[in-house]
Protein chains: 2
Amino acid sequence: MIRLQEDFYSKNDKMYVATDCIIFGFDEGKLKLLIFRRRVEPLKNSWSLIGSFVRLEEDVDQAAKRVLTEITGLENVFMEELRSYGKAERDPGFRSISIGQYALIRLDEYDKELVKKHGAHWYEIDKLPELVLDHNQMVEDALERLKRKARYKPIGFELLPEKFTIPQLQQLYEAIYQKELDARNFRKKVLSLNVLVKLDEKDKSTSRRGAFLYKFDHENYQELLESGYDFKIA
Amino acid sequence: MIRLQEDFYSKNDKMYVATDCIIFGFDEGKLKLLIFRRRVEPLKNSWSLIGSFVRLEEDVDQAAKRVLTEITGLENVFMEELRSYGKAERDPGFRSISIGQYALIRLDEYDKELVKKHGAHWYEIDKLPELVLDHNQMVEDALERLKRKARYKPIGFELLPEKFTIPQLQQLYEAIYQKELDARNFRKKVLSLNVLVKLDEKDKSTSRRGAFLYKFDHENYQELLESGYDFKIA
DNA sequence: GCAAAAGTGTTAGCGCTACACCCATGG
DNA sequence: CCATGGGTGTAGCGCTAACACTTTTGC
């Protein structure tokens with residue numbers, strides 16, 4: 001881009017702007033988080049979220065996407081800003097602020113080799129180790145946001161494979177809300193929303209009988225939105 | 001604070017971090033916004049939100065509070081982070097990101113002289129002029145947030161005087177939601193929450209009969225929260 | 001034939017919405 | 001006495017939550 005020649009603001013302070021990704025996944029009925037060992041001083045080798053400094057020529061959300069792609073090989077992932085972390089003393093290296101971004105990824109799609117190469121690991125959300133700086137706070141905030149948001153927006157589906165069963169979906173919501181749900185009421189509710197398409201296929205991996213697979217119907221969801229929102233799960 | 005001697009991150013880019021305040025008020029049955037004429041180049045004299053660069057030694061939210069106090073004379077105002085604005089090309093002066101913060105203030109409390117001295121003006125929310133940079137977007141986002149949040153948290157009360165009448169409260173919610181509400185249902189709902197204290201005083205400024213004044217009951221609200229949240233207005 | 005998960009309906013209670021009239025008072 | 005805004009009750013509907021049994025099938 002073209003910059004004005006003079007830096008009008010030069011009497012003010014500059015600092016580093018970082019972005020950190022809170023990456024959620026869902027596997028074995030558990031919510032999981034992708035963290036890794038920090039590769040730079042200070043606090044080298046401590047557990048940390050995955051992040052990067054924002055470069056002068058890139059948007060903040062571009063920076064977050066760049067990092068996510070580097071580590072998982074995925075593009076077009078659901079990612080949304082959580083909030084900023086701007087305490088003056090948050091980083092012992094030098095004054096920096098970080099924009100937390102949370103991402104939801106499908107555990108059957110990411111590049112496992114790439115993740116391993118970066119020293120990243122999946123941890124169950126309630127068994128996380130201590131993370132550097134304010135990263136545990138970021139995780140806590142992200143989890144709270146996920147809980148609230150999953151209730152009114154169909155973001156939960158971002159954590160499931162394209163095809164999923166109703167019991168899987170219920171397990172996911174139970175993991176997010178951290179409470180058990182009634183199977184009959186849950187099924188009734190999600191089906192009544194009219195945003196699931198039943199497929200002619202069954203998943204037999206968890207029972208002899210097998211459970212029908214469904215897909216999320218993006219078109220019907222758009223229609224639902226346009227006719228005055230009403231989405232709500234559990 | 002004590003900084004490490006070496007700047008570990010020095011191969012990365014630094015930039016300006018600003019914070020901009022979206023300041024709401026409520027008067028004459030209308031939602032209003034406090035804006036002013038920008039005093040620095042570039043875009044000097046254009047309409048703008050009130051903001052500041054964040055200094056190396058201050059927290060981002062401290063910076064926002066500093067600005068708010070400078071302009072209104074108020075402390076302890078409700079203020080909350082909206083989100084960050086981090087597009088690479090958002091500021092023609094130099095690369096900067098801004099953290100938007102929205103604030104709710106009582107129009108009977110702020111320092112009118114101070115506001116005038118800073119060249120600030122109250123505008124009705126739906127009659128705003130064009131603002132610099134991405135500030136119109138910030139206002140739009142803040143209004144959306146206010147609409148959503150006022151429904152589940154008692155933040156609306158931050159816009160009213162300490163003592164207010166039910167019809168005033170209703171007017172406020174009508175201004176926020178931009179739709180009319182039924183007076184009987186509204187009264188029933190807010191009183192059923194058990195977070196209002198009826199006073200032995202009437203406000204006679206808007207009718208011959210006068211309307212009873214109420215206060216928000218912070219203690220009862222805390223109890224309500226602790227016994228499993230349930231707050232919801234309209 | 002049995003174990004284990006998938007799938008299916010009904011009822012009661014609660015909260016929301018819609019709706020029309022009397023009350024108090026100052027002028 | 002009248003104009004103006006303040007204040008009150010009820011009935012119907014839809015959503016939610018609670019709850020138990022039958023179906024399928026691989027072993």
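Every chain is numbered from 1 and lettered A, B, ... according to where its sequence line falls, protein lines coming before strand lines.
Distance from the side chain of S207(A) is smallest for dA6(C) among the nucleotides dC16(C), dG7(D), dA6(C). The side chain of R208(A) has dA3(C) as its nearest neighbour among dA3(C), dG27(C), dT8(D). Nearest nucleotide to the R184(A) side chain, out of dC19(C), dG7(C), dG9(C): dG9(C). You'll find that the side chain of K188(A) is closest to dT10(C), out of dT10(C), dC23(C), dT16(D). Closest contact between the side chain of N185(B) and the listed nucleotides dT25(D), dG7(D), dC19(C) involves dC19(C). Distance from the side chain of R209(B) is smallest to dG7(D) among dA6(C), dT16(D), dG7(D).
Annotation: cation-pi geometry not satisfied between R38(B) and W47(B) (NZ/CZ under 6.0 angstrom from ring centroid, within 45° of ring axis). Geometrically, R83(A) engages Y85(A) in a cation-pi contact defined by less than 6.0 Å to the ring centre and at most 45° from the axis.
Here dA18(C) presents its C1' atom at 15 Å from CD of E180(B), a figure rounded to the nearest Å. When rounded to the nearest whole Å, the span between CZ of F212(A) and P of dA5(C) equals 19 Å. Nucleotide dG6(D) holds its C1' atom 11 Å from the NZ atom of K198(B), rounded to whole Å. To the nearest angstrom, C1' of dA18(D) lies 13 Å from NZ of K179(A). What separates CG of L193(B) from C1' of dG15(C) is a distance of 12 Å, to the nearest Å. Between the P atom of dG7(C) and the CG atom of L181(A) lies a distance of 16 Å, rounded to the nearest Å. The CD-C1' distance, from Q170(B) to dG6(D), rounds to 11 Å in whole Å. In this entry the distance linking CG of L191(A) with P of dA6(C) reads 14 Å, nearest Å.
In terms of position on DNA chain C, the residue among R187(A) and K202(B) whose nearest nucleotide sits closer to the 5' end is R187(A). Nearest-nucleotide positions on DNA chain D for T165(B) and D182(B) put T165(B) closer to the 5' end.
Enclosure of atom NZ in K112(A) by more than 12 non-hydrogen atoms of other residues, nucleotides or ligands within 6.0 angstrom is indicated.
In summary, R148(B) and E144(B) do not engage in a salt bridge, as defined by a charged side-chain N under 4.0 Å from a carboxylate O.
Dashed line: the shortest gap from a side-chain N or O of K204(B) to OP1 or OP2 of dG26(C) is under 4.0 Å.
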Going through the distances and angles, do L224(B) and N194(B) end up as a side-chain contact (heavy atoms from CB on, under 4.5 Å)?
CA-CA 8 Å; L224(B) 179 68; N194(B) 241 16; over 6 Å; no

